[in-house]
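The chain is numbered in sequence order, starting from 1.
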Amino acid sequence: MASPRLETFCCPNRDPATQLVLDFQPQIYGSLCIGSGLVSLLLTIVQLLPKTKQGYRRLGRAMLPKPSSSRILFLVIICDLLGCLGILIRSSVWISSPGFISNMSLMNTSDIWPSTFCVGSAMWIQLFYSASFWWLFCYAIDAYLVVRRSAGISTIVLYHMMTWGLALMLCIEGVAMLYYPSVSNCENGLEHAIPHYVTTYAPLLIVMFANPILFRRTVAAVASLLKGRQGIYTENERRLGTEIQLRFFKIMLVFMICWTANIINETLLFYLEMQPDINTDQLKNVRNAALITWFIMGILNPMQGFLFTLAFYGWTGWNVDFNFRQKETAWERVSTSTITETAHNGTNGSFLDYPGYIQNQNKTEIGNSQQTDEALSILSEGNGSIVERLNRNSPIYQGW
């Protein structure tokens, strides 16, 4: 799992609440993390591999460029995979070499490798899961800007700078505060650990509270966009709006399922830290709740990558096609984003064979309709049939 407690484990003078979850059935907990991580890793890779099933093929790279939102969704999954890999390696070492890890509890040991591994693996996990959170935030921003026709080809570069810059800065700053003056002699006290916890949970809380607001505004903008196509709001437009809203709901549902336990667990552990004695009978229910949510985190955190592939693309099937030169992976489908970058560059002919798009440079009305369809296609999971039905009902289409 991914928790700021991972870094706290590396301090020999760790607090009693951290020691509570560390000492409770470590073998079983590590096995759960490994099992969940392996399942997530393998199924995510299967999801991303190209398929022979026609429903998961798209036009070639040369015909349809890959837009920014498609890259963002792919980067979210890649960051989850790398974070999951860190969980697998750390849990495997903890189970296979308990003596190696127990050396971290020695204040004056000359063996630096246990602490080095502990800090390095914890930072690896925090960095990539934090980057995943920032990429999700960028996706919400990009979806809104696309509908507002404000996203350009340079936007993805800004997203890279913001995501990796913030993730690295917060990770390094939090760890530096926690391990002052050294890993073997960490300072005690909540006031010393709080900056580290804030830097860890800040991107998670931003996604949890800011993304629903951005998604809600995007859905409202889509409704206006659909009404502006023909001046009416038919059943097809309503169905497409519902599909877009459902897509955003699935993304937030997966996120809340995977990370709500972390918020609850950290709240309970903080409450225990503030008590003079955490072993009293009055705190038994709090301790049990903290341990239960701790195990839930170990199962759900590594599963985020696979669950996001289901939310983004649906189940792509087991029919893997290893002829990579002729087919594309599922994450590159047009469904995941808009082709706004092409529209801004004035690229012509890219949509000639894409359902629902009718190209004609000489007709401004059709060009405007295409721009609307481009914005809608990112959010509707590439459901060309709905966009095509919208176009067939259009007076422009019928006149053409």
Parallel, tilted or perpendicular: ring planes of W315 versus W318, cut at 30 and 60 degrees: perpendicular
Does S40 reach the main-chain N or O of S36 with its side chain, forming a donor-acceptor pair under 3.5 Å? no
Looking only at non-hydrogen atoms, find the nearest pair between A290 and L269 and report the distance. CB-CD2, 4.0 Å
Going by heavy atoms in the side chains, are P16 and L272 under 4.5 Å from each other? no
Looking at every non-hydrogen atom in both residues, tell me the closest pair between L170 and Q126 and how far apart they are. O-NE2, 4.4 Å
SG of C258 to CD1 of I296, rounded to nearest 0.5 Å, is 12.0 Å
Inter-residue atom distance R216.CZ - M252.CE, 0.5 Å rounding: 10.0 Å
Parallel, tilted or perpendicular for F137 and W134, by the 30°/60° rule? perpendicular
If two hydrophobic side chains count as joined below 4.5 Å and joins carry through other members, does F133 share a cluster with I257? no
Determine yes or no for a side-chain-to-main-chain donor-acceptor pair under 3.5 angstrom, with T316 supplying the side chain and Q47 the backbone. yes
Close side-chain approach of F74 and S70, heavy atoms under 4.5 Å: no
Keeping Q275 on the side-chain end and Y271 on the backbone end, is there a donor-acceptor pair under 3.5 Å? yes
Could you check whether any side-chain N or O of N265 sits under 3.5 Å from a backbone N or O of M297, counting only pairs where one atom can act as donor and the other as acceptor? no
Which word best sums up how the rings of F295 and F24 line up, parallel for under 30°, tilted for 30 to 60°, or perpendicular for over 60°? perpendicular
Looking only at heavy atoms, which two atoms of L283 and I278 are closest? And how far apart? CD1-CA, 3.7 Å
Locate the shortest heavy-atom distance separating V207 from P212; write the atom from each residue and the value. O-CD, 3.5 Å
Taking atom CE of M162 and atom CG of L166, what is their separation to the nearest 0.5 Å? 6.5 Å
Do V76 and V157 share a hydrophobic cluster (ILVMFWY, side-chain heavy atoms under 4.5 Å, transitive)? yes
Linked, directly or transitively: F308 and L42 (ILVMFWY side chains, under 4.5 Å): no
Take L75 and H160, measure what side chain to side chain contact (heavy atoms under 4.5 Å, CB included) needs, and give me the verdict at the end. CA-CA 10 Å; L75 287 168; H160 272 288; 3.6 Å; yes
Donor-acceptor contact below 3.5 Å, side chain R217 vs main chain Y144: no
W294-L204 co-clustered via ILVMFWY side chain contacts under 4.5 Å: yes
So does I87 get a backbone contact from the side chain of S91, meaning a donor-acceptor N/O pair under 3.5 Å? yes
Are L214 and I141 close enough, and set up right, to give a side chain to side chain contact (heavy atoms under 4.5 Å, CB included), and what steps lead you there? CA-CA 7 Å; L214 288 170; I141 294 175; 3.9 Å; yes
Set out, in order, the CA-CA distance, both residues' side-chain angles and the distance that settles side chain to side chain contact (heavy atoms under 4.5 Å, CB included) for L85 and L81, then state yes or no. CA-CA 6 Å; L85 182 63; L81 281 177; over 6 Å; no
Kindly compute the distance separating CD1 (I72) from CD1 (I77), expressed to the nearest 0.5 Å. 12.5 Å
Given the rule that I, L, V, M, F, W and Y join up when any side-chain heavy atoms are under 4.5 Å apart, are F255 and L253 in one cluster? no
Dump the intermediate steps for side chain to side chain contact (heavy atoms under 4.5 Å, CB included) on S121 and I89, then the final yes or no. CA-CA 8 Å; S121 61; I89 296 175; over 6 Å; no
All heavy atoms of I263 vs all of T267, minimum pair found to be O-OG1, 2.8 Å
Interatomic distance, SG@C138 vs CG@N211, rounded to 0.5 Å, equals 9.5 Å
Closest contact, heavy atoms only, V147 versus A221: CG1-CB, 3.5 Å
Rounded to the nearest 0.5 Å, what separates atom CG in L158 from atom OG1 in T163? 10.5 Å
I'd like to know if the side chain of D80 and the backbone of Y129 have a donor-acceptor N/O pair within less than 3.5 Å. no
Ring centres under 6.0 Å, that's the criterion: do W135 and Y139 meet it? no
Are the side chain of W259 and the backbone N or O of L205 linked by a donor-acceptor pair below 3.5 Å? no
